[in-house]
Structures are given as C-alpha cells and as structure tokens.
Amino acid sequence: MTAPALQAAHGSAGAIAFHDSELGGPVAHLSSAHGTALVALQGAQVLSYVPRGGTEVLWLSPMARLGTAKAVRGGIPVCWPWFGPHPTDPRQPAHGLVRSSCWRVVETAVHGHAVRVRFVSTLETATAGFPAGLSAQLDVTLGEELALDLVTINDGDEAIELTQALHTYLKVGDIGSVTVAGLHGRPYVDQLEPPGQRRGARKLQTGLVVFEGEVDRIYATGDPIATVLDPLLGRRIVVDTDGSASTVVWNPWIEKAARLGDVGPDGYRAFVCIETANAGADVRTIQPGAAHRLTAMIHAATAAASGAGGLNPEAS
Ligand code: BG6
C-alpha cells in the first residue's frame, strides 16, 4: 500500500499520519500529548521515539535506508521467529525473516492520549522451515511510555518452538559512562565465548553492567526490568517486559562495529541494545491454536524527573 492509501485507510487527524520518509519508504508517524514515534512499514520497525519534553530515546544508524534487502540498523528491529542464527539451517539470515520484509497495517486506534498502530507480518514462514499457519502481529502504542506487543499466533497443526527479540537500540551519551541496573545476581550466557564452551559455563552478573569492550550476553531473568543509567544525557531509560525471561545486552565495540559496516564512525559509542527476548534457554513452545505475547515497555526520564534516586543505581 502506498503512503497516501495508508493515510486514507488508517490516518487519524493529529494522531497518526502515514508518509514517505526521506529514508526511502512509508512510515507511520504517531503523535500525542505523550510525545512522538515513527514506525517504518518495513519490518514494523520503530525508528524514533521522543517522549514529551524529552529527547530522542532510540539510536538509528546514519546509514539507515529503507527499501534495500538489508535490515535497517537501529530503532527497534523485530527478530522473529528466531533470535540469532536459525536453529537448524545456517543458510538462513540471523534474527529471523521479518526485519526487512514489509508488514501490513490492519488497525489504528486513539484512546485519550494513547495512540496505537497494529501491524501484521505478511511473511509465509513455511519458506524457512517453520510450519505453515504461524503469524506475527505487532502493536506499537505511544502512551505514557512506548509499548510494543509482539503476538505470535500458531494456527497450524504442529507445535512450534520460537525464539525472538524486540532488539531495542537505546541512544546514549557515551557507552563508556553508561551502566545497566536490574541484572545483578542474574546468570548469563556470554555469546563472545566459542559456542562449545557456552553450555554449562554460565557467568553471574555482579552489580551494574559496565562497558569496557564488546558485550554480547543473554541474561536469564525472572521478570526482567533493566534500567540504563546515562549520566551524560542525564537520564534513565527503563525497559520493562512481559512474556520474557531473557534479556540480551549488546554493544559491538570497535572491531565488530567496523565489520558490521553500518554503525558509522564511533557510532558504537552512541548506543546500547537492551533486547526484550525469548532467547538462550528461554525457548517458547506454542501449541496449535495457541498464542504467545512478548511485551517491551520503554520509559525515559531525565534525572531530575526520575525521583529522589535520580541516576543513583541503588535506587533502581
Ligand atoms: C545481538 C546479538 O542481538 O544482535 C549479536 O546478540 C549480534 O550477536 C547483534 O551481533 C546484531 O545482529 P545483526 O544481525 O543485526 O548484525
């Protein structure tokens, strides 16, 4: 559907507008008293989130372009129906199939100051070794926080095993001064270790997560809430979740960023990924006729507005 057709079918004056972005493809622009958000139809990928009175929460690569076969780096890519490498077929792309495919808008809604767009993936999963009848729906809701609900529906006749992530790239002042609270005492799989050594060699997080080199970890988390403390930007970003028992923390640092080719000069210093996931041991089985919901809620507050604790990690 073209942007004008989307606008005619689903636009809502002052709240939801569809247009062609300078990145080269159609986007939905959400706006309310709570802020603004921009979502590309490609990948149903949130590209921008600015809470009212705040600044941009998400990092987007300066090389980002829509309409190419390559997934856009930044914002919130949807990794589905697998996270990381395909479970059995190494020829399949990392992080699933829907990051660069076009999603369909099926519904928009405005309730008070909350604005929602519902996307469904048009992908036929049977092409990638998954049984037919599997589908994904993503609700992006701009309210007091930004909420993403990724619902997987299994309308087929076989149970499926699912891994996935809402791969949030959070913009930070400088990765060297950022810390992540909320993961103390949690075991994690260190993805930088050779795959053969990871099993059974779980590490334990002590205190805050700090960044002094590449970090690529899958934390096993009961009911994860991770908080990014950013003294340079003077804010904390809370990522609260539902339907997830794993959080991925990732920053590529210098060499991997150079290999990736779309991070930009020193770009790795400007983001940290806190990914709301079903990954590692947190594999979900979805029976025929059943559904699974994965939710990420992102809330940003300046130090002054975030309560008595401000950026004090003890307060998180
Ligand atoms: C993270 C993974 O989720 O995504 C990393 O833990 C990976 O291992 C990163 O490098 C980026 O993946 P991609 O496919 O977007 O380059």
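Whatever order the structure lists ligands and atoms in, that order sets their numbers, starting from 1. All values derive from a computational prediction rather than experimental measurement.
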Check against side chain to side chain contact (heavy atoms under 4.5 Å, CB included), Arg52 and Thr36: CA-CA 7 Å; Arg52 188 174 69 134; Thr36 61; over 6 Å; no
Residue Leu260 vicinity, atoms of ligand 1 by number, heavy atom under 4.0 Å: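 Counting atoms of ligand 1 from 1, those under 4.0 Å from Leu260 are 16 (O).
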Atom indices of ligand 1 within 4.0 angstrom of Phe83 heavy atoms, with elements: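 Going through ligand 1 atom by atom, the ones under 4.0 Å from Phe83 are 3 (O), 6 (O).
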Pair His292, Asn154: side-chain N/O donor-acceptor within cut-off below 3.5 Å: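 No.
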Proximal candidate to atom 7 (C) of ligand 1 [heavy atom criterion; set Gln191, Lys256, Arg99, Glu275]: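 It is Lys256 whose heavy atom sits nearest to atom 7 (C) of ligand 1.
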Closest to atom 16 (O) of ligand 1 among Arg73, His167, Arg217, Arg259 (heavy-atom distance):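 The residue whose heavy atom sits nearest atom 16 (O) of ligand 1 is Arg73.
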Test salt bridge (charged side-chain N to carboxylate O under 4.0 Å, His left out) applied to Glu193 and Lys203, step by step: CA-CA 11 Å; Glu193 295 196 330; Lys203 300 179 176 176; 3.2 Å; yes
Quick test: of every protein heavy atom, which one is nearest to [atom], and how far off is it to 0.1 Å?
| atom | answer |
| --- | --- |
| atom 5 (C) of ligand 1 | Asp216 OD2, 3.1 Å |
| atom 11 (C) of ligand 1 | Trp250 CH2, 3.5 Å |
| atom 12 (O) of ligand 1 | His95 NE2, 3.4 Å |

Non-hydrogen atoms of Asp282 and Ala245 that approach each other most closely: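 It is OD2-N, 2.8 Å.
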Minimum heavy-atom distance Gln7-Phe18, with the two atoms named: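 The answer is OE1-N, 2.7 Å.
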Check: Phe130 ring centroid to Trp82 ring centroid under 6.0 Å: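 Here the rings of Trp82 and Phe130 have centres that are less than 6.0 Å from each other.
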